[in-house]
Amino acid sequence: MDAPLSRISTVAVVGLGTMGTGIAEVLARAGREVIGIDISESATAQAVASLEASTARAVRRGHLTEQQRAELHSRFRTFTDLQAAADADLVIEVAPESYEIKQQIFRALDGIVRPETILATGTNALSVTRLAADSERPERVLGLHFFNPAPAMKLVEVVSSVLTAPAAVATVTDLAIELGKDPVAVGDRPGFVADGLLFGYLNQAAAMYEAKYASREDIDAAMKLGCGLPMGPLALLDLIGVDTARTVLDAMYAESHDRLHAPAPILKQLSEAGLTGRKAGRGFYTYEAPGSAVVVRDALTPLGDSLAGPAREVRSVGVAGSGTMASGIAEVFAKAGYDVVLAARSEEKAEAAKARIGKSLKRSVDKGRMTPENAEATLGRISPAGSYDAFADVDLALEAVAEDLDVKRQLFATFDKVCKPGAILATTTSSLPVVACARATSRPQDVIGMHFFNPAPAMKLVEVVRTVLTSDDVHATVRELTQKIRKHPVDCGDRAGFIVNALLFPYLNNAIKMVQEHYASLDDIDAAMKLGGGYPMGPFELLDVVGLDVSLAIERVLHREFRDPGLAPAPLLEHLVAAGCLGRKTGRGFREYAKR
């Protein structure tokens, strides 16, 4: 890398909206002289007021002294004329996402700033290269993409075009580190890393809602509880701005022609109706007032848990399987007070699964989460069995065996023979058609999907998957039962991926494509999604935990069902699986792991 240019001490921020004001605050807190510029006097006044309010809070919380606050304010000056940027070492443009507006600013700056001044655009959707090409000094133009709210978010994407001088990149990278940020170096493509992955996922969530596959509340709850995300996708679209999301997706689609990036029609409809999210007071949800984060009831709000028809009584549960998922589900039901028959292909496997539950309960006792007496009583409610004949009297038979349709169909045929009339038959499949299991029985109306997430004792989500043949009372019973075992049910139809996997795995696949195309490194992509998107794990950390073979199988199912070329598994994923690099369980996936 070329050596950085001289240290940046004075920075001009052009555009004092929420993002520009936040960037100005970050710079002023780090001791830089900040020149805030906006053509609107009300915007400059609002920026000063926002900084005063923010620093006052910092003083109250003991993060700043009054003297430090006064010094910080002295470093921030506002203007309405670009001429004020004449002495800046760096100019950061944060104007609206319009080529015309940004190009006007960059052309004007060419005649104002010194030749060595670095010009940065804060765009998250437009081409940095196109903006640089119009500048008199394209080698000094780059992207500096902060995330909102800028004072809190650690990620900064440093975007180079083919014209950018490495020394300019080195200079702003050093600045980002001095600001306490985590810079990630990326090339010039719409959305860069974080938004490039995030907005495709948000678009699919919007399309899922538009298709009436699941309610907005269930889509958001599924992604929060199933993936540990801080916000659901539709609530996040409202926060970002539906119109902003549409702009980013339009730019992404113009370059990629990937249907996953073609903005869902509902985004256009909401935007053109002025329903752009929180800032308008209404988007996917309705808010107390424009700018408020408080969601209020509207015509689409569910009326609580009104169940269709009377629920069946469930006192005992049969769990088929001996793996981690089966033992986890058995533990969940036993903790909730249900008698559980844990059946496997042999008595030894069933006993081993019960022993695993015993160890899990002991860990809970050691951590003070339950008493020894409760743990003993819970384990006592679990009866291991080496034959599915033991399911003769259960009210719910639930399978958690291998993700193989032939195996599951054989098992459901067995359930049909041994389970009493009126028993509910459920599958925990994450990717296979529930109706195919139902058709293996003489009572498809009694069959439903209950997709638990691993580890079942800890994860709160259960996707309740109703087929076209499932009866109302079975659906009502399973929803009620899910709540009794202290889980959160979300309703979805019987199609590949249900909610979580249908939204999660295309995002993971797109991350793999970024690495495959040498756009960004594993570490930079993982850092970008954790720091910029609030994800608990980066995509490659998650892929290695889930298992690359499992991930590939789900990708293939999604591609086969939806026939979308954008869902085709990335060749890099297929090559790693073919090489036996399956993730943590084999010691190598996208990364290598120490042998246990």
Side-chain angles (χ1 to χ4, degrees), residues 312 314 317-330 340-346 349-350 353 385-454 456 462-471 474-475 477-478 481 492-502 505 547 549-563:
R312 300 183 188 181
V314 176
V317 177
V319 178
S322 57
T324 305
M325 182 60 85
S327 57
I329 293 170
V340 178
V341 178
L342 181 55
R345 286 175 295 176
S346 69
K349 285 183 177 292
S387 165
Y388 299 125
D389 291 341
F391 285 179
D393 294 318
V394 301
D395 302 305
L396 166 68
L398 178 66
E399 68 79 19
V401 299
E403 195 73 344
D404 180 304
L405 187 56
D406 289 338
V407 171
K408 290 185 187 292
R409 285 175 58 85
Q410 289 173 12
L411 186 54
F412 270 82
T414 301
F415 284 174
D416 195 33
K417 293 175 184 174
V418 304
C419 293
K420 66 186 181 184
I424 294 171
L425 313 181
T427 172
T428 61
T429 183
S430 62
S431 60
L432 301 175
V434 177
V435 74
C437 298
R439 292 297 303 276
T441 75
S442 63
R443 38 177 151 171
Q445 72 279 2
D446 291 337
V447 177
I448 196 167
M450 287 184 75
H451 179 213
F452 286 78
F453 288 74
N454 208 9
V462 175
E463 291 177 319
V464 178
V465 187
R466 183 175 185 170
T467 78
V468 292
L469 302 174
T470 306
S471 69
V474 166
H475 175 241
T477 303
V478 168
L481 181 64
C492 49
D494 184 20
R495 74 179 202 190
F498 311 135
I499 296 174
V500 173
N501 286 348
F505 279 89
D549 52 340
V550 174
S551 302
L552 178 59
I554 294 171
E555 289 286 357
R556 285 174 170 164
V557 167
L558 290 172
H559 185 224
R560 188 164 59 243
E561 175 141 334
F562 295 109
R563 310 292 177 90

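Scanning all heavy atoms of the two residues, the minimum distance from Ala502 to Ala496 falls at CB-O, 3.9 Å. In terms of heavy atoms, Ala436 sits closest to Leu405 at CB-CD1, 3.8 Å. Heavy atoms only, all atoms of each residue included: Ala385 and Ala390 are closest at CB-CB, 3.6 Å. Of all non-hydrogen atoms in Ala426 and Leu396, the two that sit nearest each other are CB-CD1, 4.0 Å. For the residue pair Ala397 and Cys419, the shortest heavy atom distance occurs at CB-SG, 3.8 Å. Leu342 and Ala330 make their closest contact through CD1-CB, 4.2 Å (heavy atoms, listed as atom of the first residue, atom of the second, distance).
Judged by distance alone, with hydrogens and angles left aside, the side-chain atoms of Asp494 form a donor-acceptor pair with the main-chain N or O of Val434 at under 3.5 Å. The backbone N or O of Gln410 sits less than 3.5 Å from a side-chain atom of Thr414, completing a donor-acceptor pair. Judged by distance alone, with hydrogens and angles left aside, the side-chain atoms of Glu403 form a donor-acceptor pair with the main-chain N or O of Ser430 at under 3.5 Å. Between the side chain of Glu463 and the main chain of Val500, a donor-acceptor pair closer than 3.5 Å is present.
With rounding to the nearest 0.5 angstrom, the CG atom of Asp406 is 10.0 Å from the CG atom of Leu432. Note: Gln445 CD to Leu425 CG = 9.0 Å, rounded to the nearest 0.5 Å. Here CD1 of Ile554 is found 5.5 Å from OG of Ser431. Values are rounded to the nearest 0.5 Å. Here the NE2-OG1 distance, from His475 to Thr470, works out to 8.5 Å after rounding to the nearest 0.5 Å. Separating the CZ atom in Phe452 from the CD1 atom in Ile329 is a distance of 5.0 Å, to the nearest 0.5 Å.
Take Glu399 and apply the salt bridge (charged side-chain N to carboxylate O under 4.0 Å, His left out) test, not counting sequence neighbours, and it matches Lys408. Under the salt bridge (charged side-chain N to carboxylate O under 4.0 Å, His left out) criterion, Glu561 pairs with no residue at all, not counting sequence neighbours. Asp393 pairs by the side-chain hydrogen bond (donor to acceptor under 3.5 Å, both in side chains) definition with nothing, not counting sequence neighbours. Arg409 pairs by the salt bridge (charged side-chain N to carboxylate O under 4.0 Å, His left out) definition with nothing, not counting sequence neighbours. Partners of Asn454 by side-chain contact (heavy atoms from CB on, under 4.5 Å), not counting sequence neighbours, listed by chain and number: Thr324, Met325. Legend: residues meeting side-chain hydrogen bond (donor to acceptor under 3.5 Å, both in side chains) with Ser471, ordered by chain and number and at least two apart, are Asp473. Partners of Ser322 under the side-chain contact (heavy atoms from CB on, under 4.5 Å) rule, at least two apart in sequence or in another chain, are Ala344, Lys349, Ala353. Under the side-chain contact (heavy atoms from CB on, under 4.5 Å) criterion, Ser551 pairs with Phe505, Leu543, Val546, not counting sequence neighbours. Not a single salt bridge (charged side-chain N to carboxylate O under 4.0 Å, His left out) links Arg495 to another residue, sequence neighbours left out.
None of Val464, Leu398, Ile424 except one satisfies the side chain to side chain contact (heavy atoms under 4.5 Å, CB included) rule with Met450; the exception is Leu398.
In this structure the side chain of Asp446 reaches within 4.5 angstrom of the side chain of Arg312, judged on heavy atoms. Put simply, the side chain of Leu469 does not reach to within 4.5 Å of the side chain of Val447, judged on heavy atoms. You'll find the side chain of Arg443 reaches within 4.5 Å of the side chain of Asp416, heavy atoms only. In this structure the side chain of Thr477 reaches within 4.5 angstrom of the side chain of Val314, judged on heavy atoms. Within the 4.5 Å cutoff, side-chain heavy atoms of Asn501 are placed close to those of His451. The shortest side-chain heavy-atom distance between Asp389 and Val418 falls under the 4.5 Å cut-off.
Residue pairs that meet the ring pair (Phe, Tyr, Trp, His ring centres under 6.0 Å) test with at least one member in residues 419-449, sequence neighbours left out, do not exist here. Sorted by first then second residue, the salt bridge (charged side-chain N to carboxylate O under 4.0 Å, His left out) pairs that include residues 418-435, not counting sequence neighbours, are Asp395-Lys420. Applying the ring pair (Phe, Tyr, Trp, His ring centres under 6.0 Å) test to residues at least two apart or on different chains, the pairs with a partner in residues 410-446 are Phe391-Phe415, Phe412-Phe415.
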Can you check side-chain contact (heavy atoms from CB on, under 4.5 Å) on Thr467 and Ile448, steps first, answer last?
CA-CA 7 Å; Thr467 78; Ile448 196 167; over 6 Å; no
Walk me through it: do Phe498 and Thr429 pass the test side-chain contact (heavy atoms from CB on, under 4.5 Å)?
CA-CA 10 Å; Phe498 311 135; Thr429 183; 4.2 Å; yes
